[in-house]
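Heads up, the thing below is written out as structure tokens.
FYI, side chains are in, hydrogens and waters are out, and symmetry mates aren't considered; it's all heavy atoms of this structure. Treat the numbers as computed from the prediction; the structure is a model and nothing was measured. Proteins come first, then strands; the chains are lettered A, B, ... in the order of their sequence lines, and each starts at number 1.
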Amino acid sequence: MSGDHAHNDSQIESGSRVNDSHKHKDKHKDKEYRHKDHKKEKEREKSKYSNSEHKDLLEKKHRDKEKVRQKDGADRHKDKEKRKEEKMRSFDGKPKKEKENGFARSLLSSLSKCCHVVCFRGVLRPVPRVKSEPDNDGFYHSPKHERSLKRERDDDDSEFMPKKIKIENDKKVKKRKPEEEEDIKPKKKRKDKKGDVADGKKKAKKEPEEKWKWWEEERATDGSKWRFLEHKGPVFAPPYEPLSSKVKFYYDGKPFKLSEKAEEVATFFAKMLDHEYTTKDIFRKNFFKDWRKEMTSEEKGKLTDLNKCDFSELNEYFKAQSEARKQMSKEEKLKIKEENERLLQEYGFCLMDNHKERIANFRIEPPGLFRGRGDHPKMGMLKRRIRPEDIIINCSKDSKHPKPPPGTKWKEVRHDNKVTWLVSWTENIQGSIKYIMLNPSSRIKGEKDWQKYETARRLKKCVGRIRAQYREDWKSKEMRIRQRSVALYFIDKLALRAGNEKEEGETADTVGCCSLRVEHIKLSPEKDGQEFVVEFDFLGKDSIRYYNKVPVEKRVFKNLQLFMENKQPEDDLFDRLNTSILNKHLQELMDGLTAKVFRTYNASITLQQQLKELTTPEENIPAKILSYNRANRAVAILCNHQRAPPKTFEKSMQNLQTKIDAKKDQLFDAKRELKSAKADAKVRRDEKSKKAVEAKKKAVQRIEEQLMKLEVQATDREENKQIALGTSKLNYLDPRISVTWCKKWSVPIEKIYNKTQREKFAWAIDMADDDYEF
DNA sequence: CGCCTGACTTAGTATTTAATGA
DNA sequence: TCATTAAATACTAAGTCAGGCG
């Protein structure tokens, strides 16, 4: 409980997503500075290729990708140059950061009520850090030689795994190791394939069957992800259904009949009318531009001003429709449900290596208007409808290939077992590829997940050494090394993301560690009674604000001053560093180490420590769960996982309070009754009255328990107002820690993980004992 | 070697479903 | 039994990172 817990307060207190900073950055203004600038040159070169329309792009088929990219790229660069020019002229460009959705508000109060949450950092990082972690990993194994082709093998965690697990693990190691066995395996697999297929059929009929424990089987070592893959392809978005002519769109006050294509796009906008998106300039501009591309030339001529477009009737129509859907009779609802179920059964599963596996997203994303997060330059653009001709299918050669809808064909069918996706297509907003992949409960995802935690556990063994080294590097005479070491310190201490550079004008302006700019930190030699305080304030992933005041070591502070010398606010803080340099360095420190492993490691180790610290043996189960949630919360705060407070938050708190009050009254009454029963028993001294007393006692107890439960719930909810636990639970916390905790304290696992989560973490639930240690 | 891109993980929010209570 | 509210799930954007290519 020392030191910097106050900063966590502030971090949360002010967290918010900033949407409309009209900030203007031109980070590459003064060239000389850095070596990140050749980009520029390239861009300029490329922009020569620039050309006009990019409508036809969408239509084009082959070698399309190249082309799209190039054209887009060209446009992009033009834009960029233009902006730059603008910038030169008007020099205001100061960042305007504002809290938009009033994220935090009363957080401080609620959080400070609970010191556990805010104090975790002291616990997490005792000052003499170097010593605080085990450090028994040979640093100097030559990466070149020792690194096997297959990395991430948990060679020797056996010493970390007591008894039973150790056995399991040995098995695991043995199984996974031998490459020679590779020849044998396929045969073996192939053999039981038939049997298994039959099995699969059975399974489909009568659900039960014991679950497949893939974690007890060996993994492929040749980089292949599967041997057999069969699926039914994607489910396409339903075709557009034109509006009835009764529902009218108006232009300039007069009804206007839109062509089908234009109407469809109009409905996208109409459906969002209540959303504040539609009031934003960029959104409107992008929408209108793309909408016009869908119009007939006649429409184009007439509809020239979005402000004269009246979508309100369409909007009301859709609202009424969704209302009607809610009011549907039970039978109708059931019918829809059954239809969905049928679709799920048909398309929601695939057959991968003899096992029926659930697909995560078997539906193709329907067309609509792009909703970027934060201040996204492309918000409002039309996300076009995906057709079979856009789709690449991936499956086994010898499988039954999915059929394209009648009269259409796939763009391509390939058989690449080095990847895990079943279907892919190129999306038109960023030109990136989208995939259909398997559910987190699948073997292919589970293995990877498990592996991720094993890598983090390997980091645990050598983190001491790595920390010692980066501290040493703060003194390096080489700038790049100093920058690298300070960045790594932030990544480790603050769980920052790596921070890849992003293309300006393509996405919202967000940063991570390596891409921090001078304007994102403020140095104070002394602040609030602490020395060498760094104040972070930037937008991270999803434009979630990261705000934190952290005291750092003097050397770090001095280095930061050095890095900031002679720089403009919009210049990179770490001008000699990027994620690829950093990760290459990390790779040398430990096989499989990358920046994000630190997040996983610090998250999991924090959970483990917090659980140890917060759990009180004699507490009842609800209180234990509160402790768990608090430990989880500590991690969420560390990782800056925020959420918008639920719209009905205040009300639901009130409701809960009402319940609590009612329960208190009830308790009061029950106690009074108990008293009188006791008095009664004293007088009467018969069995019956004694029993009555007992009964009353029980009632009081029960009510007390209920009250307690409610109060705990209230605390939990209040503390959780704008903190999202889900992300860390799902992605950062080694599930075995939670499972072990549950076993140790006899908390039913269902209290911690819901059904989906239990499916995802089946491997952990099965293999973790009550003495697992991360 | 830097850049680009493909593949995959991580992320918050919108929508749907289930649970609760009037 | 219906309406609310909470929890679960669906959705898809936005990151990370490695490998290939010019």
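Comparing A:Lys755 and A:Ala508 against DNA chain C, the residue whose closest nucleotide sits nearer the 5' end is A:Lys755. Both A:Lys659 and A:Ser424 lie close to DNA chain B; mapped to their nearest nucleotides by heavy-atom distance, the more 5′-ward contact belongs to A:Ser424. Each of A:Ala724 and A:Lys337 was matched to the nucleotide of DNA chain B holding its nearest heavy atom; the match closer to the 5' end belongs to A:Ala724. Comparing A:Gln757 and A:Lys596 against DNA chain C, the residue whose closest nucleotide sits nearer the 5' end is A:Gln757.
One atom, CD of A:Glu427, and another, C1' of C:dA13, lie 9 Å apart when rounded to the nearest Å. When rounded to the nearest whole Å, the span between CG of A:Leu344 and P of C:dC11 equals 11 Å. Here C:dA14 presents its C1' atom at 15 Å from CG of A:Asp375, a figure rounded to the nearest Å. Taking atom CG on A:Leu725 and atom P on C:dA6, their separation rounds to 16 Å, with Å as the unit. Computed from coordinates, the A:Met379 CE to C:dA14 P distance equals 9 Å when rounded to whole Å. Going from atom NZ of A:Lys584 over to atom P of C:dC17 covers 13 Å, rounded to whole Å. Rounded to a whole Å, the CG atom of A:Asn578 is 13 Å from the P atom of B:dC4. In this entry the distance linking CD of A:Glu447 with P of B:dC8 reads 13 Å, nearest Å.
For A:Asn655, taking side-chain heavy atoms from C-beta onward, the closest of the listed nucleotides B:dG12, C:dA14, C:dT5 is C:dT5. The side chain of A:Ser652 approaches C:dA6 more closely than any other nucleotide in the set C:dA8, C:dA6, B:dA7. When distances are taken from the side chain of A:Asn500 to each of C:dT16, B:dA11, B:dA7, the shortest belongs to C:dT16. Across C:dG15, B:dC8, C:dA6, the shortest atom-to-atom separation from the side chain of A:Lys225 is found for B:dC8. Of the candidates C:dA6, C:dT12, B:dG12, the closest approach to any side-chain atom of A:Lys434 belongs to C:dT12. Proximity note for A:Arg643 (side chain, C-beta onward) versus C:dC17, B:dT13, C:dT5: the nearest is B:dT13. Looking at the side chain of A:Lys448, the nearest of the listed nucleotides B:dT9, B:dA7, C:dA13 is B:dT9. Comparing atom distances between the A:Tyr732 side chain and each of B:dT10, C:dC11, B:dC8 picks out B:dT10 as nearest. Side-chain atoms of A:Ala498 lie closest to C:dT16 of the nucleotides C:dT16, B:dA11, C:dT12. Of the listed nucleotides (C:dA13, C:dG15, C:dA6), C:dA6 has the atom at the smallest distance from the side chain of A:Thr648.
With hydrogens and angles ignored, a donor-acceptor pair closer than 3.5 Å exists between the side chain of A:Lys541 and the base of B:dT10.
Between A:His275 and the phosphate of B:dA14, there is a side-chain N or O to OP1/OP2 separation shorter than 4.0 Å. Within the 4.0 Å cut-off from OP1 or OP2 of B:dA11, at least one side-chain nitrogen or oxygen of A:Arg497 is found. A sub-4.0 Å separation between OP1 or OP2 of C:dA13 and a side-chain N or O of A:Lys383 is present. Contact between the side-chain N/O atoms of A:Lys502 and the OP1/OP2 oxygens of C:dG15 is found at a separation under 4.0 Å. Between B:dG2 and A:Ser580, no contact under 4.0 Å exists linking OP1 or OP2 to a side-chain N or O. Not one side-chain nitrogen or oxygen of A:Lys445 sits closer than 4.0 Å to the OP1 or OP2 atom of B:dC8. Between A:Thr594 and the phosphate of C:dC17, there is a side-chain N or O to OP1/OP2 separation shorter than 4.0 Å. Remark: A:Arg717 is in phosphate contact with C:dA6, judged by side-chain N or O atoms under 4.0 Å from OP1 or OP2. Within the 4.0 Å cut-off from OP1 or OP2 of C:dC11, not a single side-chain nitrogen or oxygen of A:Asn361 is found. Within the structure, every side-chain polar atom (N or O) of A:His376 is placed at least 4.0 Å from both OP1 and OP2 of C:dA13. Checking the phosphate oxygens (OP1, OP2) of B:dG6, no side-chain nitrogen or oxygen of A:Ser432 falls inside 4.0 Å. For B:dA11, the OP1/OP2 oxygens have a side-chain nitrogen or oxygen of A:Arg599 closer than 4.0 Å.
Side chains of A:Gln666 and A:Lys663: a donor-acceptor N/O pair is present below 3.5 angstrom, by distance only. At a cut-off of 3.5 Å, with distance as the only test, no side-chain donor of A:Ser441 or A:Arg358 sits close to an acceptor on the other residue.
For the pairing with A:Thr510, the side chain to side chain donor-acceptor pair (under 3.5 Å) check across A:Lys541, A:Arg545, A:Lys502 returns one residue only, A:Lys502.
The residue A:Gly726 sits apart from the nucleic acid: no heavy atom pair falls under 4.0 Å. Nucleic acid contact for A:Lys729: none, since no nucleic acid atom lies under 4.0 Å from a heavy atom of the residue. Counting any heavy atom pair closer than 4.0 Å across all strands shown, A:Thr507 reaches no nucleic acid atom. Using a 4.0 Å heavy-atom distance criterion, A:Pro440 is classed as making no nucleic acid contact. Residue A:Gly499 is classed as a sugar-phosphate contact, given heavy-atom separations below 4.0 Å to backbone atoms only.
Electrostatic pairing of A:Glu447 and A:Arg443 counts as a salt bridge here, judged by a charged N lying under 4.0 Å from a carboxylate O.
The NZ atom of A:Lys378 lies 7.0 Å from the CD1 atom of A:Ile429; values are rounded to the nearest 0.5 Å. To the nearest 0.5 Å, the span separating NZ on A:Lys760 from CD1 on A:Ile765 amounts to 12.0 Å.
Annotation for A:Gly505 and A:Pro377: closest pair O-CG, 3.2 Å, computed over non-hydrogen atoms.
In this structure, the ring of A:Tyr347 has its center no less than 6.0 angstrom from the ring center of A:Phe362.
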